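Working notes, structure below.
What you are looking at is a predicted structure, and each value in this text was computed from that prediction instead of being measured. Quick note: numbers below take in every heavy atom, side chains included, and nothing from hydrogens, waters or symmetry partners. Below, read A as the first sequence line, B as the second, and so on, with proteins coming before strands; counting in each chain starts at 1.
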2 protein chains.
Amino acid sequence: MYTLSEENYLKSIYRLAQQPNFKITPTAIAESLGNNPASVVDMIRKLTEKQLIAYDKKKGVELTQQGLKDAVLIVRRHRLWEVFLLEKLGYHWDEIHDIAEELEHISNATLADRLDKFLGFPEYDPHGDPIPKANGKVPKPFSVTLTDLKMGESCRVAAVRDTSSSFLQYLQKLDIGIGTRIQLIEKISFDNSLVISISGKENTTVSQKFGENILID
Amino acid sequence: MYTLSEENYLKSIYRLAQQPNFKITPTAIAESLGNNPASVVDMIRKLTEKQLIAYDKKKGVELTQQGLKDAVLIVRRHRLWEVFLLEKLGYHWDEIHDIAEELEHISNATLADRLDKFLGFPEYDPHGDPIPKANGKVPKPFSVTLTDLKMGESCRVAAVRDTSSSFLQYLQKLDIGIGTRIQLIEKISFDNSLVISISGKENTTVSQKFGENILID
DNA sequence: TCATAAAATTAGTCTTGACTAATTATTTTA
DNA sequence: TAAAATAATTAGTCAAGACTAATTTTATGA
Ligand SMILES: [Mn+2]
Ligand SMILES: [Mn+2]
Ligand SMILES: [Mn+2]
Ligand SMILES: [Mn+2]
């Protein structure tokens with residue numbers, strides 16, 4: 001389809017666009033890709049010319065209809081490959097993201113759909129992110145976090161926001177995965193730390209930042 | 001591991017080295033990759049510096065021990081992915097080569113071995129080429145062709161030398177695949193055309209070039 | 001053996017996608 | 001609102017990996 005770089009930019013812009021009321025600036029894109037803002041300005045020019053994005057000083061960067069379609073396809077491929085790597089090749093959930101980051105760029109007209117079918121049309125990837133459908137429809141992602149829970153309430157872990165291996169490995173250590181049940185025991189008002197019970201076991205304390213990265217059902 | 005280009009050069013040199021007594025020249029590499037000889041000379045310099053190849057005017061290009069090891073790994077990945085695409089995703093054998101050409105560059109320490117295991121440690125790829133083992137050992141490829149057959153003898157199709165989709169589609173039309181039995185009925189001395197019987201059915205005539213691209217058991 | 005053809009190499013250019021440093025525009029804040 | 005800070009943009013550079021055109025080297029054969 002496009003170059004590897006173009007695709008990574010599209011995907012990055014798409015991801016930033018998921019945050020409601022967030023203005024997508026060159027700096028924001030630069031940060032999300034680990035690039036220099038000057039390089040981003042170059043690429044914004046290129047993608048604008050190709051009519052994949054529109055850039056307005058006031059509104060920031062927006063994907064065009066075509067750009068959105070392309071970005072969603074890349075995300076679809078990424079998440080399907082993640083399912084494959086975890087379920088078929090036995091990788092752990094903290095290893096799959098980086099490999100999928102490469103696999104998502106393999107371009108073949110029917111590959112995503114064949115993979116989708118082979119995997120049994122999964123709805124969510126191993127991190128709980130919804131997998132865009134073949135028709136381009138994207139199921140609504142989870143948005144309520146552990147910090148939104150009220151005292152005493154319990155929930156099911158539906159997805160993780162941060163997919164870095166340091167976070168995922170921490171979760172593994174705590175025995176938390178997609179589907180794990182968590183009950184909020186107490187909120188420490190000093191720093192918003194959360195005292196939780198994981199799968200009904202003894203209490204553990206986690207930070208606010210931790211809580212914000214756990215999406216629940 | 002290396003850049004996409006470096007890997008493609010390594011693989012191309014490896015493939016050329018399979019032909020016995022063949023001097024691997026810049027022109028030969030250029031032809032096999034569809035590149036300009038001048039570009040090849042640049043890359044020969046680069047790969048020599050990285051100690052992956054040795055270039056001697058007299059002997060031509062040779063892979064070093066390290067270069068050979070790396071090339072074999074890329075071939076291993078290529079052929080394993082081809083098996084995956086055919087057996088798991090249902091592609092036809094004339095579609096898989098180009099996709100594997102991209103997939104072979106996905107670099108992850110354990111990916112090839114996991115894929116190998118998932119596929120049940122296949123010995124040959126869908127074109128009959130041997131799949132290098134995890135330890136770097138490469139099973140001996142088939143080398144006898146249809147043109148080596150004597151009048152009246154019959155054989156089993158073991159592999160194809162040419163993997164272009166035009167050749168593979170022609171084979172499909174003739175109902176020839178890996179494992180098909182072929183009997184040589186007659187050799188036309190004028191142009192070395194071969195009159196053959198495919199799976200015991202009525203006679204068909206194929207060219208010498210055709211015969212040279214069918215490897216038999 | 002020497003002329004010609006073919007192959008290899010060099011020199012110089014181009015595109016992509018990065019970068020740094022300098023400059024200009026826009027926001028914040030005092 | 002003016003100064004200071006931050007963000008965006010421009011200008012210039014670089015490396016990779018390709019190309020063409022020109023030159024040199026090597027091989028071939030009359
Ligand atoms: Mn990527
Ligand atoms: Mn994911
Ligand atoms: Mn390749
Ligand atoms: Mn093959």
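- Closest contact between the side chain of A:V41 and the listed nucleotides D:dT10, D:dA18, C:dT9 involves D:dT10.
- Of the candidates D:dA18, D:dT10, C:dA11, the closest approach to any side-chain atom of A:A38 belongs to D:dT10.
- Residue-level contact check: B:S5 touches the backbone only, with heavy atoms under 4.0 Å from sugar-phosphate atoms and none from bases.
- Contacts of A:Y2 with the nucleic acid, taken as non-hydrogen atoms under 4.0 Å apart, are absent.
- For the pair A:K88 and B:F84, the cation does not sit on the ring face, since its NZ or CZ is not both under 6.0 Å from the ring centre and inside 45° of the axis.
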For this session: Report, as a single string ordered 5' to 3', how protein heavy atoms within less than 4.0 Å touch nucleotides 22-27 of chain C: B base, S sugar-phosphate only, - not at all.
Result: ------
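- Across D:dA16, C:dC19, D:dC19, the shortest atom-to-atom separation from the side chain of B:D42 is found for D:dC19.
- In this structure, CZ of A:R45 is placed 11 Å from C1' of D:dA11, rounded to the nearest angstrom.
- Among the nucleotides C:dT16, C:dT9, D:dA11, the one closest to the side chain of B:P26 is C:dT9.
- Rounded to an integer number of Å, the gap from CG of B:L4 to C1' of D:dA18 is 13 Å.
- For A:S39, a side-chain nitrogen or oxygen approaches OP1 or OP2 of C:dC19 to under 4.0 Å.
- Listed nucleotides: D:dA18, D:dT9, C:dT9. Nearest to the side chain of B:Y55: C:dT9.
- With distances taken from any side-chain atom of A:Y9 to the nucleotides C:dA18, D:dT9, D:dT20, the minimum falls on C:dA18.
- A donor-acceptor contact under 3.5 angstrom links the side chains of B:T147 and B:T145, judged on distance only.
- Residue B:I196 is tested with B:L149, B:L174, B:T205, B:I182 for a side chain to side chain contact (heavy atoms under 4.5 Å, CB included); the sole match is B:I182.
- Atom CG of B:N36 is separated from atom C1' of C:dG12 by 14 Å (rounded to the nearest Å).
- The separation between A:E49 atom CD and C:dT15 atom C1' is 14 Å, rounded to whole Å.
- We find that CD of B:E6 is positioned 14 Å from C1' of D:dA18, with the value rounded to whole Å.
- Of the two residues contacting DNA chain C, namely A:P37 and B:A28, the nearest-nucleotide position lying further toward the 5' end is that of B:A28.
- Between A:M43 atom CE and D:dT9 atom P the separation is 16 Å, expressed in whole Å.
- Ion pair A:D191/A:K209 not flagged as a salt bridge, since none of the NZ, NE, NH1 or NH2 atoms sits closer than 4.0 Å to an Asp/Glu carboxylate oxygen.
- Surrounding CG of B:N21 are at most 12 heavy atoms belonging to other residues, nucleotides or ligands under 6.0 Å away.
- Here B:K23 does not pair with B:D56 in a salt bridge; the nearest charged N to carboxylate O distance is not below 4.0 Å.
- D:dA16 atom C1' lies 13 Å from atom CG of B:N35, rounded to whole Å.
- A salt bridge links A:K133 with A:E123: the closest approach of a Lys/Arg side-chain nitrogen to an acidic carboxylate oxygen falls below 4.0 angstrom.
- In this structure, A:E7 atom CD and C:dT16 atom P are separated by 16 Å, rounded to whole Å.
- Close placement of the B:Y124 and B:F142 rings is indicated, their centers lying within 6.0 Å of each other.
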